[in-house]
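In listed order, ligands and their atoms are each counted from 1.
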Amino acid sequence: MSEEIFKKVVSHAKEYGFVFPSSEIYDGLGAVYDYGQNGVELKNNLRQYWWKAMVQMHENIVGIDAAIFMHPKTWKASGHIDGFSDPMIDNKDSKKRYRADQLLEDKITKYEKEGKTNKADELQAALDKVTLDNDLAGFKSLIEQYEIACPISGTRNWTDVRQFNLMFSTEMGAMAEDADKIYLRPETAQGIFVNFLNVQKTGRMKIPFGIAQTGKAFRNEIIARQFIMRMREFEQMEMQFFVRPGTQKQWYEYWKETRIKWHKKLGLGDNNYRFHNHVKMAHYADDAVDIEFNYPFGFKELEGIHSRTDFDLKNHQELSGKKMQYFDAELDENGKAYGNYIPYVVETSVGLDRLFLSVLCASYKEEEVGEGDKIDTRVVLSLPAILAPYKVAIFPLTKKDGLPEVARKIIDELKFDYNCFYEEKDAIGKRYRRQDALGTPFCITVDHESLENQTVTIRYRDTMVQERIPIAKIREILASEVNWSKLLA
Ligand code: GAP
């Protein structure tokens with residue numbers, strides 16, 4: 001995958017109704033995107049894949065849907081008011097603002113591309129150290145030492161490095177003077193922590209158990225780029241797994257393995273995933289790892305797995321004055337009940353937009369088809385059938401002779417179970433190509449022979465093979481190819 005392909009993926013996403021810049025008629029809004037008619041289907045399917053794997057497949061994990069607005073004390077307890085910030089630096093000539101660590105990471109990538117691995121390693125080690133120490137002056141001196149210039153002005157006229165809180169705030173209440181400052185949640189996890197007791201008690205959950213949630217999160221990212229990779233409004237799919245203190249390491253390992261297997265099942269290539277251990281932990285974690293994906297612009301974080309200790313529940317207990325404890329009646333090796341404790345938490349957190357981007361990039365293919373002087377390029381999205389926006393497209397070969405009626409009848413039978421696409425315009429080859437570009441795994445064509453013997457042709461997206469089958473067999477083929485067990489089993 002190359003940067004060149006990435007540009008093509010971005011324009012494909014727009015041309016085929018997957019992703020549009022937000023408020024595009026007003027020239028867009030920085031790092032905010034809308035999902036179009038095909039994007040929303042793919043995104044919903046990816047969310048379902050996660051939900052089924054986490055909630056449906058685990059008896060001890062249940063879901064919730066908490067509000068985006070939360071009591072402001074939540075963010076004091078979680079540490080986000082005091083500690084959720086990035087080091088930023090401004091270029092005095094271009095007036096552009098950058099993340100200091102990002103400028104240094106870009107330099108490392110440049111060294112790697114130029115084959116200067118020693119330089120890359122040396123800078124990486126220095127970056128790790130200043131990151132770990134949260135050494136703002138250290139970031140600045142590395143930027144100076146490695147002669148990093150502003151990509152816009154080309155100058156090295158930098159301000160000092162400062163911390164910048166990433167939370168968006170707004171006001172609640174009708175009158176500005178009565179208003180209370182509240183925040184748009186920067187992570188969905190806190191909605192789970194504050195509901196820990198509600199769910200545990202009403203669901204009679206026994207440790208270890210998990211609470212899962214998907215939903216929007218908001219971060220005022222200083223530098224937003226690479227399309228939907230780093231957005232200011234994005235969606236997270238998070239699960240907090242509540243465990244007995246002392247067992248967190250074992251569960252952390254369990255979730256690392258379980259989550260990477262889940263990603264690999266998508267069939268995007270096992271080598272496209274790797275673990276990256278954190279050197280600098282988030283303020284709440286005692287162990288943390290990223291699952292990185294090999295995007296066209298390099299390996300980058302796709303999912304985070306964090307051992308969050310009892311940090312969040314303990315702080316919520318302190319600030320709210322409500323006991324966040326669990327009574328564990330099971331017996332330890334000495335035959336004594338474990339009794340009351342604040343559970344430890346292992347969290348898995350994947351960005352739905354980043355997952356979407358990984359799937360889009362790895363399934364986008366340009367293939368040469370045809371022979372001799374009739375060679376042509378087709379663009380195909382080789383998505384797993386269950387994730388494709390449309391599972392089947394149904395085309396009458398012509399608009400007359402009763403063929404549309406037969407096609408519509410087939411759709412009427414399938415549409416309760418499968419998302420179907422109907423099209424009668426254009427040459428059949430053109431229609432096939434459009435479905436390839438959307439990732440539709442099957443195209444059914446109704447022709448004149450269909451009227452005589454109740455058969456249709458089915459064309460398979462990946463092989464482009466066409467075969468004639470009885471109409472009665474369509475369901476059988478779809479049922480065997482389009483089902484969740486292929487991903488979940
Ligand atoms: N509750 C833990 C947490 O929020 P995180 O590593 O900050 O941890 C988890 O975020 C995941 O959310 C990331 O791995 C990434 O996939 C996604 N994510 C974070 N910031 C994002 C952004 N600005 N745009 C898109 N996705 C983002």
Side-chain angles (χ1 to χ4, degrees), residues 19 22 29-33 35 43 46-47 50 66 68 70 74-75 77-80 83-86 99 101-102 131 164-168 183-194 210-241 252 255-256 259-260 262-263 273-293 295 297 299-309 311-313 315 345-361:
V19 182
S22 161
L29 183 67
V32 185
Y33 289 90
Y35 285 82
K43 194 178 178 203
L46 286 167
R47 194 188 297 106
W50 184 85
I68 287 172
M70 300 185 69
T74 307
W75 307 111
S78 69
H80 283 82
F84 191 56
S85 49
D86 278 340
R99 259 177 68 173
D101 55 336
Q102 205 75 62
T131 307
F164 178 82
N165 195 297
L166 299 182
M167 281 200 294
F168 281 104
Y183 297 93
L184 297 186
R185 65 183 177 196
E187 62 169 12
T188 56
Q190 295 305 323
I192 292 179
F193 286 120
V194 299
I211 305 178
Q213 167 167 230
T214 72
K216 289 281 178 107
F218 304 83
R219 295 182 190 177
N220 197 2
E221 299 284 357
I222 298 165
I223 160 147
R225 57 181 178 179
Q226 283 152 342
F227 193 37
I228 53 173
M229 187 71 194
R230 190 171 294 286
M231 299 156 86
R232 296 200 166 102
E233 173 180 341
F234 57 99
E235 189 163 339
Q236 288 187 316
M237 305 193 289
E238 299 202 294
M239 192 276 302
Q240 319 299 130
F241 202 67
Y252 175 70
W255 282 111
K256 266 174 73 174
R259 293 302 302 149
I260 202 158
W262 180 91
H263 284 285
Y273 299 91
R274 71 180 189 195
F275 285 119
H276 172 78
N277 288 313
H278 284 206
V279 261
K280 186 193 175 203
M281 301 298 155
H283 56 271
Y284 46 72
D286 73 349
D287 220 338
V289 68
D290 292 337
I291 295 175
E292 293 187 338
F293 182 76
Y295 291 97
F297 38 84
F299 273 97
K300 295 279 178 238
E301 176 185 350
L302 165 62
E303 168 154 359
I305 296 160
H306 310 115
S307 173
R308 285 183 84 129
T309 67
F311 176 90
D312 302 86
L313 289 180
N315 285 352
V345 170
V346 175
E347 164 188 78
T348 73
S349 174
V350 56
L352 179 50
D353 311 273
R354 287 193 189 178
L355 178 66
F356 185 103
L357 187 59
S358 69
V359 170
L360 204 60
C361 290

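- Residues Glu301 and Arg354 have side chains in contact (heavy-atom distance under 4.5 Å, counting atoms from C-beta outward).
- For atom 1 (N) of ligand 1, the closest non-hydrogen atom of the protein is Glu238 OE2, 2.4 Å.
- Contact annotation: for Met229 versus ligand 1, heavy atoms closer than 4.0 Å belong to the backbone alone.
- When only interatomic distances are considered, the shortest N/O to N/O separation between Gly351 and ligand 1 falls below 3.5 Å.
- Looking at Arg232 against ligand 1, nothing comes within 4.0 Å, counting heavy atoms.
- Within the listing of ligand 1, atoms 14 (O) sit less than 4.0 angstrom from a heavy atom of Glu303.
- When each atom of ligand 1 is checked for a heavy atom of Arg308 under 4.0 Å away, the hits are 1 (N), 2 (C).
- Cation-pi check for Arg259 over Trp262 is met; the charged atom lies under 6.0 angstrom from the ring centroid and within 45 degrees of its normal.
- Two rings, from Phe168 and Tyr183, have their centers 6.0 Å or more apart.
- Between Tyr295 and Met229, some side-chain heavy-atom pair lies under the 4.5 Å cut-off.
- For ligand 1, the atoms sitting less than 4.0 Å from at least one non-hydrogen atom of Glu187 are 1 (N), 2 (C), 3 (C), 4 (O), numbered in the order shown with element in parentheses.
- Among protein heavy atoms, the minimum distance from atom 19 (C) of ligand 1 is reached at Arg219 NH1, 3.5 Å.
- At least one N or O atom of Leu302 sits closer than 3.5 Å to an N or O atom of ligand 1.
- Using a 4.5 Å cut-off on side-chain heavy atoms (C-beta onward), Val19 and Ile228 make contact.
- Nearest to atom 24 (N) of ligand 1 among the protein's heavy atoms is Met231 N, 2.9 Å.
- Remark: minimum distance from atom 9 (C) of ligand 1 to any protein heavy atom is reached at Ser349 OG, 3.0 Å.
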Report the C-alpha separation of Glu238 and Thr188 in whole Å, then their side-chain angles, then the decisive distance to 0.1 Å, and conclude whether the side chain to side chain donor-acceptor pair (under 3.5 Å) test is met. CA-CA 7 Å; Glu238 299 202 294; Thr188 56; 2.6 Å; yes

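- When hydrogens are left out, the protein atom nearest atom 12 (O) of ligand 1 is Gln236 NE2, 3.3 Å; that is the closest non-hydrogen contact.
- The atoms of ligand 1 that sit less than 4.0 Å from any heavy atom of Glu347 are 1 (N), 2 (C).
- Interface atoms of ligand 1 facing Gly304, defined by a heavy-atom separation under 4.0 Å, are 14 (O).
- Counting atoms of ligand 1 from 1 in the listed order, those under 4.0 Å from a heavy atom of Glu301 are 6 (O), 13 (C), 14 (O).
- Using cut-offs of 30° and 60° on the angle between ring planes, the pair Tyr273 and His263 is tilted.
- Taking only nitrogen or oxygen atoms, main chain and side chain alike, Asp353 does not reach within less than 3.5 Å of ligand 1.
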